[in-house]
2 protein chains.
Amino acid sequence: MARADGAARAATLSDVARAAGVSLATASKAINGRDQVAPATRERVMRAAEELSFTPNQLARSLIAGRTGTVGLLTSDLEGRFVIPILMGAEDAFGAGQVNVFLCDARGDAIREQHHLKALLNRRVDGIIVVGRQTDPRPSLGHDLPVPVVYAYAPSDDPTDVSVTPDNVAGGRLAVEHLLACGRTRIAHITGDPEYAAAQDRAIGVRAALADAGLELVGDVRFSTWSEHWGRDASAMLLAQHPDVDGIVCGSDQIARGVLDTLRDLGKRVPEDVAVIGYDNWEVLATNSRPELTSIDANLQQLGRTAAMRIFEAIERTDGAEPGAGVHHLPVRLVIRGSTVARR
Amino acid sequence: MARADGAARAATLSDVARAAGVSLATASKAINGRDQVAPATRERVMRAAEELSFTPNQLARSLIAGRTGTVGLLTSDLEGRFVIPILMGAEDAFGAGQVNVFLCDARGDAIREQHHLKALLNRRVDGIIVVGRQTDPRPSLGHDLPVPVVYAYAPSDDPTDVSVTPDNVAGGRLAVEHLLACGRTRIAHITGDPEYAAAQDRAIGVRAALADAGLELVGDVRFSTWSEHWGRDASAMLLAQHPDVDGIVCGSDQIARGVLDTLRDLGKRVPEDVAVIGYDNWEVLATNSRPELTSIDANLQQLGRTAAMRIFEAIERTDGAEPGAGVHHLPVRLVIRGSTVARR
DNA sequence: CTGTTAGCGCATTCAG
DNA sequence: CTGAATGCGCTAACAG
């Protein structure tokens with residue numbers, strides 16, 4: 001166990017001041033790079049700090065400054081599939097080490113969420129990012145909080161809150177436009193739970209892009225669960241009913257994996273006979289399939305950066321106004337692999 | 001200087017005291033449930049606090065107490081596959097809301113790790129959990145830190161540190177013992193990168209369990225990468241050389257997925273002809289394959305809980321003693337699904 | 001340039 | 001039981 005030698009409490013600024021033979025204030029100025037201190041004095045202070053391995057106590061600083069340089073990340077994303085890239089983006093935006101993030105997992109429990117919220121406020125975080133695991137609107141934390149709040153991935157159901165979420169409609173469009181560009185015209189859509197806004201929004205985008213091209217979807221949108229099993233079953237049914245389908249937009253990479261399985265079983269070549277596109281760009285799934293999976297990437301890291309920047313802006317301004325209230329739909333991105341474009 | 005003005009800063013304890021018509025000290029006692037305060041007075045204070053929606057400032061409390069009730073989780077696990085269950089276990093152990101966790105991602109960069117470490121110490125965390133992404137020993141943070149440190153998943157290379165890591169040797173044994181219990185005797189082992197301690201340790205367990213049963217591995221251990229691709233290729237070679245193999249222990253669920261693919265292509269039935277077992281119990285992979293994948297689960301959440309408890313013990317004791325230094329190998333667990341036992 | 005003083009918000013003596 | 005005083009570690013006015 002790494003422990004300081006004995007009960008040696010951490011050195012304080014006054015220890016440093018005494019060791020350097022200066023006053024507390026001077027030591028403070030020297031340490032903080034204030035310019036009202038003689039070079040020689042500063043040197044002495046710095047050396048003393050070094051020898052005592054002095055670490056400025058952020059608690060005390062924060063108490064004075066009224067800001068802690070910390071942000072709370074309140075999530076219900078158990079698997080961490082969405083929250084991790086968002087967290088990384090937020091760290092990027094804040095600048096590593098400048099701001100630290102408290103990560104709290106509410107596990108989908110409103111009581112626990114309330115509990116964590118309170119704890120975060122007690123610790124005087126400067127802002128809170130709320131990350132949901134679906135893109136369905138979630139209950140607002142309310143407006144009577146003393147710190148700015150940004151909702152990421154799952155938007156708030158209150159339009160006067162600030163929310164950033166991926167543009168699923170655009171994602172659906174993008175998928176279809178890519179298949180069209182690949183020369184496909186008989187396109188079907190297999191997706192997940194119809195209760196999810198993500199499923200509905202992507203389907204809207206799919207239909208809109210087809211309509212723009214003067215085409216119709218092959219069969220209805222096939223909703224069920226976000227699983228490989230469903231991908232396998234749905235594509236088997238689809239091929240039985242519409243053997244001429246030449247492109248399949250999938251609502252998730254998992255579904256797409258199932259679709260690839262079935263196509264393989266049926267002796268269909270991908271992408272020659274049927275092109276397949278997934279959604280989420282979950283690398284472990286997308287890059288290990290046969291062929292590798294073209295997919296839509298929601299740019300979650302960028303989303304995290306944006307959320308962090310919004311928080312930052314809100315912290316900076318003192319007038320309490322909430323800039324950019326409303327739901328911001330962030331652009332998504334196409335990642336092309338072998339399931340839509342044959343390798344040569 | 002009059003402090004009463006219109007500024008909407010958060011209510012402080014002295015605001016509460018004034019509103020309740022008592023002194024600061026009395027308000028403090030009332031709020032904190034000290035018993036040297038008259039019931040009626042306490043009632044008045046509590047109501048005032050409620051009305052002002054008073055939130056005790058943890059910074060100030062921590063400054064006095066010398067403890068913050070926060071822990072730093074320093075990781076390099078980009079994907080968050082290991083760190084999330086560990087984080088959840090740690091939250092469990094600390095009791096939600098009692099302790100909050102700063103999550104820092106060093107992204108495999110030593111400089112950035114040092115940076116984050118310093119920030120955590122400045123913020124006066126009570127302890128640090130270091131989470132690696134492999135089970136190979138990692139450099140120690142050293143012993144001159146003012147707070148206890150526990151290494152999770154990746155142990156420290158310094159045996160006087162406290163480390164908790166999954167018992168991969170036991171995992172390898174467990175996998176083989178299960179296949180033996182299923183009546184398999186011609187068992188092969190396909191695994192990942194031989195540079196990984198995880199691959200070597202699991203292979204050691206596999207060999208040991210076979211030796212105990214008076215058996216030998218079919219062919220050599222097949223090392224390469226932790227990918228589905230390798231699982232597919234390796235199993236094709238294996239079956240070509242040893243068509244009579246009836247059990248395959250895989251070093252990861254990804255590899256196992258690839259193996260299942262190839263067996264399917266070759267017309268082998270799983271588990272009737274060949275039983276397959278994976279490693280990690282990564283649910284998204286294990287529960288979506290055909291058949292579902294039996295796997296070894298490293299109990300990461302339990303690992304996180306244990307790490308947290310170790311930290312906790314170390315914080316509690318003031319004598320600076322080092323309880324339980326060394327690498328602790330935590331038990332793993334078999335999760336049986338259809339790839340080893342046929343469903344009926 | 002340097003030091004003295006006064007808090008940040010709170011918990012804790014120790015007198016009343 | 002209650003309250004005035006002290007200090008946690010540090011920064012920011014001021015005064016020398």
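Numbered from 1 within each chain, the chains take letters A, B, ... in sequence-line order.
Taking every side-chain heavy atom of A/Ser28 into account, D/dT11 is the closest of D/dG3, D/dC8, D/dT11.
Here D/dG7 presents its P atom at 13 Å from CD1 of B/Ile64, a figure rounded to the nearest Å. With rounding to whole Å, A/Gln58 atom CD is found 11 Å from D/dC10 atom C1'. Regarding A/Asn57, its CG atom lies at a distance of 14 Å from the C1' atom of C/dG9, rounded to whole Å. Atom CZ of B/Arg123 is separated from atom C1' of D/dC10 by 15 Å (rounded to the nearest Å). A/Arg67 has its CZ atom 19 Å from the P atom of C/dC8, to the nearest Å. The nearest whole Å value for the distance from the CG atom in B/Asp15 to the C1' atom in C/dG9 is 10 Å. Note: NZ (A/Lys29) to P (C/dG3) measures 9 Å, nearest angstrom. Whole-Å rounding puts the A/Leu59 CG to D/dC10 P distance at 10 Å.
Contact annotation for B/Leu24: base contact, defined as any heavy-atom pair under 4.0 Å involving a base atom. Across all strands, B/Leu13 comes closer than 4.0 Å only to sugar-phosphate atoms, never to a base (heavy-atom distances).
A close approach under 4.0 Å does not occur between any side-chain nitrogen or oxygen of A/Thr12 and OP1 or OP2 of D/dC8. A close approach under 4.0 Å does not occur between any side-chain nitrogen or oxygen of B/Arg61 and OP1 or OP2 of C/dC10. Under 4.0 angstrom from either OP1 or OP2 of C/dT2 there lies no side-chain N or O belonging to A/Ser23. Between B/Thr26 and the phosphate of D/dG3, there is a side-chain N or O to OP1/OP2 separation shorter than 4.0 Å.
Against DNA chain D, the stretch residues 30-53 of chain B makes heavy-atom approaches under 4.0 Å through B/Gln36, B/Val37, B/Ala38, B/Thr41.
Remark: A/Gln36 CD is packed, more than 12 non-hydrogen atoms of other residues, nucleotides or ligands lying under 6.0 Å away. Heavy atoms from other residues, nucleotides or ligands lying under 6.0 Å from CE of B/Met309 number 12 at most.
When the C1' atoms of four end pairs are superposed on the next four at each end of the helix from C/dC1-D/dG16 to C/dG16-D/dC1, using five pairs per end, the two resulting axes differ in direction by 50°, to 10°.
A donor-acceptor pair under 3.5 Å links the side-chain atoms of A/Asp126 to the main chain of A/Thr68, judged by distance alone. A side-chain donor-acceptor contact under 3.5 Å links A/Asp109 to the backbone of A/Ile111. Formation of a donor-acceptor pair under 3.5 Å by the A/Asn122 side chain with backbone atoms of B/Gln58 is not found in this model. Checked by atom type and distance alone, the side chain of A/Arg133 never pairs as donor or acceptor with a backbone atom of A/Val83 at under 3.5 Å.
Among all heavy-atom pairs drawn from B/Ile86 and B/Leu300, the shortest one is CG1-O, 3.7 Å.
No salt bridge links B/Arg112 with A/Glu91; every basic N to acidic carboxylate O contact stays at or beyond 4.0 Å.
When each of A/Arg138, A/His328, A/Arg310 is checked for a side-chain contact (heavy atoms from CB on, under 4.5 Å) with A/Tyr151, only A/Arg138 meets the rule.
Distance CD/B/Glu113 to CG/B/Leu141: 5.5 Å, rounded to 0.5 Å.
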